[in-house]
Amino acid sequence: MTNRRQFLAGLPVAAAAGMTAGFYTTPGNSKERADEARKAALAKLRETKTTLHPNEMPVLCNPVNSGGVINSAVNDSFPNVMMVNQDGLGMSFYEGFIENKVVMMHFMSLKDEGHFPITRRMADVVAELGDKVGRDVFVYSISRDPEHDTPARMQAYASELGAPKGWHFLTGTPQHCADLAFRMYRMSHSTLPGKRKVDVVFYGNGSAGLWGSFPWDIRADDAANRVTWVMPQAAPKVGEKLRRAGPRVFDMKDTRNHNREV
């Protein structure tokens with residue numbers, strides 16, 4: 001069979017040039033093609049901006065460099081990332097959402113809520129905490145799928161759950177959300193959305209650097225009670241003997257899992 005070179009050699013020069021240009025090559029060098037692609041992307045972005053509110057778009061970039069770990073002796077080793085809540089408010093995660101606060105937080109994605117409703121379960125815990133939310137404790141639902149979970153979509157879900165002031169639904173760039181998830185779980189697979197059967201909820205005191213966790217599906221009153229363990233307590237009076245909580249009271253009729261009230 002005649003190969004391509006022999007075939008082109010048998011054609012008039014103009015025809016061969018036309019076939020080559022039309023079917024086998026792209027006009028311009030690689031730099032010119034890259035510039036054209038960049039211009040097309042910018043034009044598409046400008047067109048999108050004219051039709052969508054900023055809160056309806058994924059967070060594309062942040063002025064804070066990802067992965068910069070804050071001084072662990074002072075700020076509990078949180079990565080220096082900026083997150084955006086359901087109202088479009090963006091703040092550095094540690095300084096804005098953790099420092100000097102008692103918090104409860106979990107990781108989620110709106111698409112996963114159908115088969116793994118961890119955020120809806122947290123609504124029961126928030127109800128148990130009552131007016132403490134927004135005053136004594138702050139709650140954060142952090143997206144694992146920020147490219148889908150725009151601030152507008154997070155706001156719609158927050159409204160559906162009746163989220164009070166003090167419950168923030170946070171999103172950011174994919175890298176920043178993954179950095180936070182890895183900080184808490186220490187396992188890379190926990191940074192990704194997808195089907196799961198188990199998960200945990202984190203709670204802590206940002207002033208003391210004291211953190212704990214509980215399974216996502218424990219009783220709401222038990223979860224709310226655990227969060228109060230890291231809230232500031234009144235200092236003991238002079239001469240008052242401190243009590244230490246021991247193991248669970250052995251009483252089959254007592255549902256408490258501790259003896260702190262004994």
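Numbers for residues simply follow the sequence, beginning at 1.
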| Inter- and intrachain pairs under ring-ring contact (aromatic ring centres under 6.0 Å, His included), touching residues 116-135, at least two apart |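 Those involving residues 116-135 are F116-W216.
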| request: Applying side chain to side chain donor-acceptor pair (under 3.5 Å), name anything that partners D199, two or more places apart in sequence or on another chain. | output: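 With neighbours one apart ignored, the set is R144, Y185.
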| task | Report the residues that fulfil side chain to side chain donor-acceptor pair (under 3.5 Å) with S207, sequence neighbours left out, ordered by chain and then residue number. | result | N100
Can you list the residues that meet the ring-ring contact (aromatic ring centres under 6.0 Å, His included) rule with [X], with sequence neighbours excluded?
| X | result |
| --- | --- |
| F138 | none |
| F169 | W167 |
| F182 | none |
| F214 | Y203 |

| query | With sequence neighbours left out, what residues match E160 under salt bridge (charged side-chain N to carboxylate O under 4.0 Å, His left out)? | reply | R120
| query | Looking at residues at least two apart in the chain, or sitting in another chain, which of them share a salt bridge (charged side-chain N to carboxylate O under 4.0 Å, His left out) with D221? | reply | R219
| Sidechain-backbone polar pair: Q233 side chain, M231 backbone, donor-acceptor under 3.5 Å |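 Judged by distance alone, yes, a pair lies under 3.5 Å.
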| query | Looking at residues at least two apart in the chain, or sitting in another chain, which of them share a side-chain contact (heavy atoms from CB on, under 4.5 Å) with A208? | reply | N205, L210
| How would you list all residue pairs meeting salt bridge (Lys or Arg N to Asp or Glu O under 4.0 Å) that involve residues 162-175, not counting sequence neighbours? |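 Not a single pair qualifies under salt bridge (Lys or Arg N to Asp or Glu O under 4.0 Å).
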| query | With sequence neighbours left out, which residue pairs that include part of residues 124-133 fulfil the side chain to side chain donor-acceptor pair (under 3.5 Å) condition? | reply | none
| said: Students often mix this up, so state it plainly: with edges at 30° and 60°, are the rings of Y140 and H168 parallel, tilted or perpendicular? | reply: tilted
| request: State plainly whether the residues D179 and R183 are in salt-bridge range, i.e. N to O under 4.0 Å. | output: no
